[in-house]
Amino acid sequence: MMNSNALHTSLPKTLPGFFVHFLKPYKRYLAGMVLVSVLWAVHISLVPYVLKLLVDRANTFQGQSSAFIHLMTGPAIGYVALSLALGVIFRFSDYVHMRLMPNLKRDVQQAMFTYLEGHSYTYFQNHFAGALSNKVMDMVRGVAEILQMFMDTCVASVLGISSVLITLWSVNPVFSLIFGIWAVIFLSLSWVFAQKCQPLVTDYAEARSTVSGKLVDSVSNMSNVRLFSRHSFEKRYLLHF
């Protein structure tokens, strides 16, 4: 947990700096997430290779059944061990998330509330309470989602592609080259379209925050709506947003 002095310091203005600021106390769990990505990448490259060994040995074997069992025992044990290891990796991943995410969300929420407290009286007069509270919660949810997305799409995917390239190269360099070209094209197109989506995502986040804020304010103002029988007006007001 971050101490109160850390929460009251000025928050970084850039996204990387913002994440570094809040993840400093949780280096061990962050290292655990990276370790999960590494183990997952190794697993997805080793499973097809072990299956290849099983199929190749079964197709090329000629001899007694006892020798066949001895020949297949190693790859078979390896395949079973990899299946069990995958379950252990996922359980370790769950443990890391359980220890990291709730604490990280708490720190972000506390820091954002402290940051909000520093604004002027005019600011609170010009912004609805529902919209402000929703922005704080958007930051809390967004930090956890971005961190998980970074680990899944950047760290895990890059490691996974690298391990697959190495495995394919050991089988046939041509396969590795084809897969590498496909990966570069796919990632490049994804990056280009992601840049085009960014303004739309910003507009959507702002619109969602506005709608949630208006709804919260309308609910908190429900006594006045009922007192003056303004139900129809309130519904039309919300429908606009």
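No hydrogens, no waters, no symmetry mates; every other heavy atom, side chains included, goes into these values.
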Novice: Measure the spacing between CH2 of W191 and CZ of F186 and express it to the nearest 0.5 Å.
Specialist: 14.5 Å

Novice: Mind checking whether L39 and L84 sit in one hydrophobic cluster, side chains of I, L, V, M, F, W, Y counted as touching below 4.5 Å?
Specialist: no

Novice: Hydrophobic clusters here meaning ILVMFWY residues chained together by side-chain heavy-atom distances under 4.5 Å, can you tell me if V143 and Y204 are in one?
Specialist: no

Novice: Checking M137 against M112 for the side chain to side chain contact (heavy atoms under 4.5 Å, CB included) test, could you report, in this order, the C-alpha distance in whole Å, the side-chain angles of both residues, the deciding distance, and whether it holds?
Specialist: CA-CA 9 Å; M137 296 311 299; M112 295 309 300; over 6 Å; no

Novice: Where is the tightest heavy-atom contact between R57 and L71, given as atom of each residue plus distance?
Specialist: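 That closest heavy-atom pairing would be NH1-O, 2.8 Å.
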
Novice: Take a 6.0 Å sphere around CZ of F124 and say whether it holds more than 12 heavy atoms from other residues, nucleotides or ligands.
Specialist: yes

Novice: Any link between L46 and V80 through a network of hydrophobic side chains (Ile, Leu, Val, Met, Phe, Trp, Tyr) touching at under 4.5 Å?
Specialist: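 No: no chain of side-chain contacts under 4.5 Å links L46 to V80.
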
Novice: Does any N or O in the side chain of T114 come within less than 3.5 Å of the main-chain N or O of Q110, such that one atom is a donor and the other an acceptor?
Specialist: yes

Novice: Nearest 0.5 angstrom please: D94 CG to I89 CD1, how far?
Specialist: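 The CD1 atom of I89 is 12.0 Å from CG of D94, to the nearest 0.5 Å.
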
Novice: W169 and V164: same hydrophobic cluster, using ILVMFWY side-chain contacts below 4.5 Å?
Specialist: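 Different clusters.
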
Novice: Kindly determine whether L238 and V211 satisfy side chain to side chain contact (heavy atoms under 4.5 Å, CB included), including the steps that lead there.
Specialist: CA-CA 8 Å; L238 287 176; V211 171; over 6 Å; no

Novice: So how far is it from L11 CG to K13 NZ, rounded to the nearest 0.5 Å?
Specialist: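 Between atom CG of L11 and atom NZ of K13 there are 7.0 Å.
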
Novice: Report the C-alpha separation of L35 and V96 in whole Å, then their side-chain angles, then the decisive distance to 0.1 Å, and conclude whether the side chain to side chain contact (heavy atoms under 4.5 Å, CB included) test is met.
Specialist: CA-CA 10 Å; L35 178 61; V96 171; over 6 Å; no

Novice: Does L177 reach the side chain of P173, with side-chain heavy atoms less than 4.5 Å apart?
Specialist: no

Novice: Please examine the side chains of M151 and V36, heavy atoms only from C-beta on, and report whether any two atoms are closer than 4.5 Å.
Specialist: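 No, every pair of side-chain atoms sits at 4.5 Å or beyond.
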
Novice: Around F19, counting heavy atoms of other residues, nucleotides and ligands shown, do more than 12 lie under 6.0 Å from its CZ?
Specialist: yes

Novice: How about D107 and Y26: does a side-chain donor come under 3.5 Å of a side-chain acceptor?
Specialist: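 Side chains of D107 and Y26: pair found under 3.5 Å.
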
Novice: Taking atom CZ of F18 as the centre, does the number of heavy atoms from other residues, nucleotides or ligands within less than 6.0 Å exceed 12?
Specialist: yes

Novice: Looking only at atom types and distance, does a side-chain atom of S176 sit under 3.5 Å from a main-chain N or O of L165, one as donor and one as acceptor?
Specialist: yes

Novice: Step through the shown structure and confirm whether more than 12 heavy atoms of other residues, nucleotides or ligands are within 6.0 Å of OH on Y123.
Specialist: yes

Novice: How many angstroms lie between atom CD of Q198 and atom CG of D203, to the nearest 0.5 angstrom?
Specialist: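 One gets 11.0 Å once the value is rounded to the nearest 0.5 Å.
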
Novice: Test question: given the 4.5 Å side-chain rule for I, L, V, M, F, W and Y, name all other residues clustered with L53, or answer none.
Specialist: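 Once heavy-atom contacts under 4.5 Å are chained together, L53 belongs with Y49.
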
Novice: What's the shortest heavy-atom distance between A41 and I44, and which atoms?
Specialist: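 Here A41 and I44 meet closest at O-CG1, 3.2 Å.
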
Novice: More than 12 heavy atoms of other residues, nucleotides or ligands under 6.0 Å from CZ of R99: is that the case?
Specialist: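 Incorrect, the count does not exceed 12.
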
Novice: Please tell me whether V140 and I146 are part of a single hydrophobic cluster in this structure, the criterion being side-chain heavy atoms less than 4.5 Å apart.
Specialist: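 Yes, V140 connects to I146 through the hydrophobic network.
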
Novice: Would you confirm whether H240, through its side chain, and R236, through its main-chain N or O, come within 3.5 Å as a donor-acceptor pair?
Specialist: no

Novice: Does atom CZ of F113 have more than 12 heavy-atom neighbours, drawn from other residues, nucleotides or ligands, at distances under 6.0 Å?
Specialist: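 For F113, atom CZ is not crowded (no more than 12 foreign heavy atoms under 6.0 Å).
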
Novice: Does the side chain to side chain contact (heavy atoms under 4.5 Å, CB included) test come out yes or no for L159 and W40, once each step is laid out?
Specialist: CA-CA 9 Å; L159 291 173; W40 176 82; over 6 Å; no

Novice: Say you draw a straight line from CZ of F193 to SG of C197; how long is it, rounded to the nearest 0.5 Å?
Specialist: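 One finds 8.5 Å between CZ of F193 and SG of C197.
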
Novice: Hey, does the side chain of H97 reach the backbone of S93 with a donor-acceptor pair shorter than 3.5 angstrom?
Specialist: yes

Novice: Please examine the side chains of V136 and V108, heavy atoms only from C-beta on, and report whether any two atoms are closer than 4.5 Å.
Specialist: no

Novice: Measure the CZ-CE distance between R28 and M33 for me, rounded to the nearest 0.5 Å.
Specialist: 15.0 Å

Novice: Do the side chain of N172 and the main chain of L168 share a donor and acceptor less than 3.5 angstrom apart?
Specialist: no

Novice: Report the hydrophobic cluster partners of I178, with the cluster defined as I, L, V, M, F, W, Y residues connected by side-chain heavy atoms closer than 4.5 angstrom, directly or transitively.
Specialist: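 V174, listed by chain and number.
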
Novice: Check this for me, if you would: do D138 and K135 make a salt bridge, where the nitrogen-to-carboxylate-oxygen distance has to be below 4.0 angstrom?
Specialist: no

Novice: Can you tell if the side chain of M139 reaches within under 4.5 Å of the side chain of Q109, non-hydrogen atoms only?
Specialist: no

Novice: Return the minimal non-hydrogen interatomic distance between P75 and V50, and the atom names on each side.
Specialist: O-CG1, 3.2 Å

